[in-house]
Amino acid sequence: MARMAKIAAVSAGMVLVLTGCSSGDDQPSANNSLGTITAGSLTVCSDPPFAPFEFEDASSPSGYSGFDIDVSDAIATKLGLKLVVVDTDFDALQSGASLDAGVCDMGASGITITEDRKSSIDFSAPYYDSLQSLLVAKASGITSLDDLAGKNIGVQTGSTGEHYANENKPDSATVVSFPSDGEMWVAIQAGQVDALLEDFPINHNHAKADPLYTVVGKYQTNEQYGLTFAKGKNPTLVAAVDAQLETMRSDGTYDKIYDKYFS
Ligand code: ARG
(Lines give C-alpha, C1' and ligand atoms only; values in the text may rest on other atoms or scores of the structure.)
Protein backbone atom coordinates (compact mmCIF):
# COMPACT_ATOMS: atom_id res chain seq x y z
CA MET A 1 0.00 0.00 0.00
CA ALA A 2 1.23 3.51 -0.72
CA ARG A 3 2.67 5.52 2.14
CA MET A 4 -0.24 7.99 2.43
CA ALA A 5 -2.76 5.19 2.46
CA LYS A 6 -0.74 3.42 5.12
CA ILE A 7 -0.75 6.46 7.34
CA ALA A 8 -4.51 6.69 6.87
CA ALA A 9 -4.75 3.02 7.78
CA VAL A 10 -2.72 3.65 10.91
CA SER A 11 -5.05 6.44 12.00
CA ALA A 12 -8.04 4.25 11.23
CA GLY A 13 -6.42 1.70 13.51
CA MET A 14 -6.06 4.35 16.21
CA VAL A 15 -9.76 5.19 15.96
CA LEU A 16 -10.55 1.52 16.40
CA VAL A 17 -8.29 1.43 19.42
CA LEU A 18 -10.03 4.42 20.96
CA THR A 19 -13.55 3.22 20.30
CA GLY A 20 -13.02 -0.48 20.80
CA CYS A 21 -14.25 -1.79 24.11
CA SER A 22 -13.51 -5.46 24.45
CA SER A 23 -14.79 -8.02 26.83
CA GLY A 24 -12.64 -10.97 27.81
CA ASP A 25 -13.56 -14.53 26.89
CA ASP A 26 -10.99 -16.54 28.80
CA GLN A 27 -9.12 -13.97 30.79
CA PRO A 28 -9.84 -10.55 32.19
CA SER A 29 -7.90 -8.00 30.17
CA ALA A 30 -8.90 -4.86 32.05
CA ASN A 31 -5.69 -5.01 34.08
CA ASN A 32 -3.72 -5.48 30.84
CA SER A 33 -1.91 -8.48 32.31
CA LEU A 34 -0.39 -9.24 28.90
CA GLY A 35 1.07 -5.74 28.63
CA THR A 36 -0.30 -4.98 25.18
CA ILE A 37 0.31 -1.48 23.81
CA THR A 38 -3.41 -0.71 24.15
CA ALA A 39 -5.24 -2.36 27.03
CA GLY A 40 -7.97 -4.68 25.77
CA SER A 41 -6.54 -4.94 22.26
CA LEU A 42 -4.08 -7.14 20.41
CA THR A 43 -2.62 -4.74 17.86
CA VAL A 44 -1.23 -6.66 14.91
CA CYS A 45 1.01 -5.40 12.09
CA SER A 46 0.54 -6.95 8.68
CA ASP A 47 1.33 -6.09 5.07
CA PRO A 48 -1.67 -6.77 2.83
CA PRO A 49 -2.33 -7.61 0.08
CA PHE A 50 -0.77 -11.04 0.53
CA ALA A 51 -3.72 -13.27 -0.22
CA PRO A 52 -4.75 -15.72 1.08
CA PHE A 53 -2.92 -14.62 4.27
CA GLU A 54 -3.99 -10.96 4.51
CA PHE A 55 -6.22 -8.84 2.32
CA GLU A 56 -8.68 -6.00 2.78
CA ASP A 57 -12.21 -7.06 3.68
CA ALA A 58 -14.73 -4.38 4.55
CA SER A 59 -17.09 -6.99 6.01
CA SER A 60 -14.55 -8.04 8.62
CA PRO A 61 -14.54 -6.14 11.97
CA SER A 62 -10.77 -5.52 11.66
CA GLY A 63 -11.10 -4.45 8.02
CA TYR A 64 -9.00 -7.44 6.89
CA SER A 65 -9.36 -11.18 6.37
CA GLY A 66 -7.06 -14.06 5.51
CA PHE A 67 -5.31 -16.96 7.19
CA ASP A 68 -2.98 -14.75 9.29
CA ILE A 69 -5.81 -12.42 10.24
CA ASP A 70 -8.17 -15.22 11.27
CA VAL A 71 -5.43 -16.97 13.26
CA SER A 72 -4.61 -13.65 14.99
CA ASP A 73 -8.29 -13.00 15.64
CA ALA A 74 -8.75 -16.45 17.18
CA ILE A 75 -5.69 -15.88 19.40
CA ALA A 76 -6.93 -12.42 20.43
CA THR A 77 -10.39 -13.76 21.26
CA LYS A 78 -8.93 -16.60 23.31
CA LEU A 79 -6.83 -14.05 25.22
CA GLY A 80 -9.85 -11.84 25.84
CA LEU A 81 -8.56 -9.14 23.50
CA LYS A 82 -9.95 -7.35 20.48
CA LEU A 83 -7.98 -7.64 17.24
CA VAL A 84 -6.74 -4.39 15.70
CA VAL A 85 -4.86 -4.65 12.40
CA VAL A 86 -2.33 -2.01 11.33
CA ASP A 87 -1.21 -2.03 7.67
CA THR A 88 2.59 -1.90 7.87
CA ASP A 89 5.47 -1.76 5.38
CA PHE A 90 6.85 -5.31 5.15
CA ASP A 91 10.51 -4.37 5.19
CA ALA A 92 10.08 -2.45 8.45
CA LEU A 93 8.11 -5.37 9.85
CA GLN A 94 10.64 -8.09 8.97
CA SER A 95 13.55 -6.01 10.28
CA GLY A 96 11.89 -5.60 13.67
CA ALA A 97 11.70 -1.78 13.31
CA SER A 98 7.88 -1.52 13.52
CA LEU A 99 7.79 -3.85 16.51
CA ASP A 100 10.60 -1.97 18.27
CA ALA A 101 8.81 1.33 17.63
CA GLY A 102 5.75 -0.02 19.45
CA VAL A 103 3.46 0.26 16.42
CA CYS A 104 1.99 -3.14 17.28
CA ASP A 105 2.17 -6.03 19.72
CA MET A 106 2.61 -8.74 17.12
CA GLY A 107 3.41 -9.20 13.44
CA ALA A 108 1.23 -11.59 11.40
CA SER A 109 2.31 -11.29 7.80
CA GLY A 110 3.49 -14.60 6.37
CA ILE A 111 6.85 -13.85 7.98
CA THR A 112 9.39 -16.63 7.49
CA ILE A 113 11.37 -17.60 10.56
CA THR A 114 15.06 -17.14 9.69
CA GLU A 115 18.23 -17.24 11.80
CA ASP A 116 18.99 -13.68 10.66
CA ARG A 117 15.63 -12.31 11.75
CA LYS A 118 15.84 -14.19 15.06
CA SER A 119 18.60 -11.81 16.09
CA SER A 120 16.23 -8.83 15.95
CA ILE A 121 12.77 -10.40 16.45
CA ASP A 122 11.09 -12.92 18.78
CA PHE A 123 9.08 -15.56 16.91
CA SER A 124 6.18 -17.72 17.97
CA ALA A 125 6.23 -21.42 17.17
CA PRO A 126 5.89 -22.03 13.40
CA TYR A 127 2.29 -21.98 12.19
CA TYR A 128 2.55 -22.53 8.41
CA ASP A 129 5.01 -24.31 6.05
CA SER A 130 5.86 -22.47 2.86
CA LEU A 131 8.14 -22.37 -0.19
CA GLN A 132 9.20 -20.04 -3.00
CA SER A 133 7.83 -20.01 -6.55
CA LEU A 134 7.99 -18.32 -9.95
CA LEU A 135 4.94 -16.80 -11.66
CA VAL A 136 4.97 -15.78 -15.34
CA ALA A 137 2.51 -14.87 -18.06
CA LYS A 138 1.61 -18.06 -19.95
CA ALA A 139 2.21 -16.24 -23.23
CA SER A 140 5.82 -15.43 -22.24
CA GLY A 141 7.00 -18.97 -22.87
CA ILE A 142 9.25 -18.71 -19.79
CA THR A 143 9.42 -22.04 -17.97
CA SER A 144 12.28 -21.63 -15.49
CA LEU A 145 14.50 -19.17 -13.66
CA ASP A 146 17.18 -19.78 -16.35
CA ASP A 147 14.84 -18.43 -19.02
CA LEU A 148 14.99 -15.05 -17.26
CA ALA A 149 18.47 -14.14 -18.54
CA GLY A 150 18.36 -10.46 -19.53
CA LYS A 151 14.88 -10.09 -18.04
CA ASN A 152 13.33 -8.53 -14.91
CA ILE A 153 12.23 -10.48 -11.84
CA GLY A 154 9.79 -8.77 -9.44
CA VAL A 155 10.21 -9.42 -5.71
CA GLN A 156 9.16 -7.84 -2.41
CA THR A 157 11.72 -5.69 -0.58
CA GLY A 158 13.16 -7.48 2.45
CA SER A 159 11.49 -10.80 1.64
CA THR A 160 12.96 -14.28 1.49
CA GLY A 161 11.88 -14.28 -2.17
CA GLU A 162 14.14 -11.27 -2.83
CA HIS A 163 17.00 -13.18 -1.21
CA TYR A 164 16.26 -16.34 -3.22
CA ALA A 165 16.10 -14.38 -6.49
CA ASN A 166 19.44 -12.68 -5.85
CA GLU A 167 21.11 -16.01 -5.01
CA ASN A 168 19.66 -18.06 -7.87
CA LYS A 169 18.93 -15.80 -10.83
CA PRO A 170 20.93 -15.93 -14.06
CA ASP A 171 23.70 -13.29 -13.94
CA SER A 172 22.11 -11.07 -16.57
CA ALA A 173 18.65 -11.03 -14.93
CA THR A 174 17.65 -7.93 -12.95
CA VAL A 175 15.88 -8.20 -9.60
CA VAL A 176 13.33 -5.39 -9.21
CA SER A 177 12.10 -4.88 -5.63
CA PHE A 178 8.64 -3.56 -4.75
CA PRO A 179 7.20 -2.58 -1.36
CA SER A 180 4.38 -5.14 -1.53
CA ASP A 181 2.68 -7.87 -3.52
CA GLY A 182 0.12 -5.28 -4.63
CA GLU A 183 2.76 -3.39 -6.64
CA MET A 184 4.34 -6.65 -7.86
CA TRP A 185 1.07 -7.88 -9.34
CA VAL A 186 0.46 -4.56 -11.11
CA ALA A 187 4.06 -4.60 -12.43
CA ILE A 188 3.82 -8.03 -14.08
CA GLN A 189 0.46 -7.12 -15.61
CA ALA A 190 1.98 -3.92 -16.98
CA GLY A 191 4.90 -5.88 -18.46
CA GLN A 192 7.34 -4.00 -16.24
CA VAL A 193 8.69 -7.30 -14.93
CA ASP A 194 8.73 -10.73 -16.62
CA ALA A 195 8.19 -12.86 -13.52
CA LEU A 196 7.32 -12.69 -9.83
CA LEU A 197 9.39 -14.63 -7.36
CA GLU A 198 7.57 -14.97 -4.05
CA ASP A 199 5.90 -17.39 -1.66
CA PHE A 200 4.05 -20.15 -3.53
CA PRO A 201 0.59 -19.68 -1.93
CA ILE A 202 0.51 -16.06 -3.15
CA ASN A 203 1.62 -16.80 -6.72
CA HIS A 204 -0.79 -19.74 -6.79
CA ASN A 205 -3.54 -17.35 -5.75
CA HIS A 206 -2.63 -14.94 -8.58
CA ALA A 207 -2.68 -17.79 -11.13
CA LYS A 208 -6.06 -18.93 -9.82
CA ALA A 209 -7.45 -15.41 -10.11
CA ASP A 210 -6.10 -14.76 -13.62
CA PRO A 211 -5.71 -17.65 -16.10
CA LEU A 212 -3.22 -15.61 -18.17
CA TYR A 213 -0.62 -16.35 -15.47
CA THR A 214 0.92 -19.60 -14.29
CA VAL A 215 3.38 -20.87 -11.69
CA VAL A 216 6.31 -22.47 -13.57
CA GLY A 217 8.62 -23.18 -10.65
CA LYS A 218 8.38 -24.24 -7.02
CA TYR A 219 11.50 -24.05 -4.87
CA GLN A 220 11.61 -26.13 -1.68
CA THR A 221 13.10 -23.55 0.67
CA ASN A 222 11.61 -25.23 3.76
CA GLU A 223 10.25 -21.94 5.08
CA GLN A 224 7.99 -21.71 8.11
CA TYR A 225 5.94 -18.69 9.05
CA GLY A 226 5.99 -17.38 12.61
CA LEU A 227 4.16 -14.61 14.43
CA THR A 228 6.63 -11.92 15.44
CA PHE A 229 7.28 -9.77 18.52
CA ALA A 230 9.72 -7.06 19.53
CA LYS A 231 12.94 -8.76 20.62
CA GLY A 232 13.04 -9.39 24.37
CA LYS A 233 10.24 -6.94 25.14
CA ASN A 234 7.27 -9.08 26.17
CA PRO A 235 8.05 -12.76 26.79
CA THR A 236 4.70 -13.10 28.62
CA LEU A 237 2.80 -12.23 25.45
CA VAL A 238 4.94 -14.56 23.30
CA ALA A 239 4.26 -17.43 25.72
CA ALA A 240 0.53 -16.63 25.82
CA VAL A 241 0.33 -16.60 22.02
CA ASP A 242 2.28 -19.87 21.75
CA ALA A 243 -0.07 -21.47 24.28
CA GLN A 244 -3.08 -20.34 22.25
CA LEU A 245 -1.52 -21.63 19.00
CA GLU A 246 -1.22 -25.03 20.68
CA THR A 247 -4.80 -24.91 21.92
CA MET A 248 -5.98 -23.95 18.43
CA ARG A 249 -4.24 -26.97 16.98
CA SER A 250 -5.80 -29.37 19.48
CA ASP A 251 -9.32 -27.93 19.58
CA GLY A 252 -9.81 -27.84 15.78
CA THR A 253 -9.75 -24.04 15.40
CA TYR A 254 -6.53 -24.13 13.36
CA ASP A 255 -7.87 -26.78 10.94
CA LYS A 256 -11.10 -24.88 10.51
CA ILE A 257 -9.24 -21.70 9.52
CA TYR A 258 -6.80 -23.69 7.35
CA ASP A 259 -9.66 -25.34 5.43
CA LYS A 260 -11.33 -21.98 4.92
CA TYR A 261 -8.34 -20.66 2.95
CA PHE A 262 -6.52 -23.72 1.59
CA SER A 263 -8.99 -26.47 0.78
N1 ARG B 1 7.54 -15.18 3.63
C2 ARG B 1 8.26 -14.12 3.03
C3 ARG B 1 9.21 -13.49 4.01
O4 ARG B 1 9.11 -13.71 5.17
C5 ARG B 1 7.34 -13.04 2.45
C6 ARG B 1 6.33 -12.51 3.37
C7 ARG B 1 5.62 -11.28 2.81
N8 ARG B 1 4.46 -10.98 3.59
C9 ARG B 1 3.55 -10.05 3.24
N10 ARG B 1 2.48 -9.94 3.96
N11 ARG B 1 3.72 -9.27 2.21
O12 ARG B 1 10.05 -12.74 3.64
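For ligands, and for the atoms within them, numbers begin at 1 and follow the listed sequence.
When non-hydrogen atoms are compared, ligand 1 lies under 4.0 Å from neither the backbone nor the side chain of H163. Neither the backbone nor the side chain of E198 has any atom closer than 4.0 Å to an atom of ligand 1 (non-hydrogen atoms only).
Distances shorter than 4.0 angstrom occur between a heavy atom of Y225 and an atom of ligand 1. Note on ligand 1: D199 sits in its first shell, one or more heavy atoms being nearer than 4.0 Å. Judged by the shortest distance from any of its heavy atoms, R117 lies inside the 4.0 Å radius around the atoms of ligand 1. Within the structure, ligand 1 lacks Q94 among the residues with a heavy atom less than 4.0 angstrom away.
With ring centers used as reference points, Y254 lies under 6.0 Å from F67.
Side-chain contact, E162 with S159: no donor N or O sits under 3.5 Å from an acceptor N or O. Side-chain contact of T160 with E223: a donor-acceptor pair under 3.5 Å is present, judged by distance alone.
Taking every non-hydrogen atom of I111 and a distance limit under 4.0 Å, the qualifying atoms of ligand 1 come out as 4 (O). Here is the list of ligand 1 atoms found below 4.0 Å of a heavy atom in D47: 9 (C), 10 (N), 11 (N). For ligand 1, the atoms closer than 4.0 angstrom to any heavy atom of T112 are 1 (N), 2 (C), 3 (C), 4 (O). Against a heavy-atom cut-off of under 4.0 Å, E54 is close to the following atoms of ligand 1: 9 (C), 10 (N). The ligand atoms of ligand 1 that sit less than 4.0 angstrom from a heavy atom of S159 are 12 (O).
Atom 11 (N) of ligand 1 has Q156 OE1, 2.9 Å as its closest protein atom, hydrogens excluded (heavy atom only). The nearest heavy-atom contact from the protein to atom 6 (C) of ligand 1 is G110 O, 3.2 Å. At the top of the distance list for atom 8 (N) of ligand 1, counting protein heavy atoms only, stands S109 O, 2.7 Å.
When the salt bridge (charged side-chain N to carboxylate O under 4.0 Å, His left out) test is applied to D116, no partner is found at least two apart in sequence or on another chain. With sequence neighbours excluded, no residue forms a ring pair (Phe, Tyr, Trp, His ring centres under 6.0 Å) with H163.
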Start with the C-alpha distance between D251 and T247, add both sets of side-chain angles, then the distance that settles side-chain hydrogen bond (donor to acceptor under 3.5 Å, both in side chains), and finish with yes or no.
CA-CA 6 Å; D251 73 5; T247 305; over 6 Å; no
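Under the 4.5 Å side-chain heavy-atom criterion for Ile, Leu, Val, Met, Phe, Trp and Tyr, I37 and L93 are members of distinct hydrophobic clusters. If you chain together hydrophobic residues whose side chains sit under 4.5 Å apart, Y127 and Y261 fall into the same group.
Between Y128 and Y225, the ring-plane angle classifies as parallel under the 30° and 60° cut-offs.
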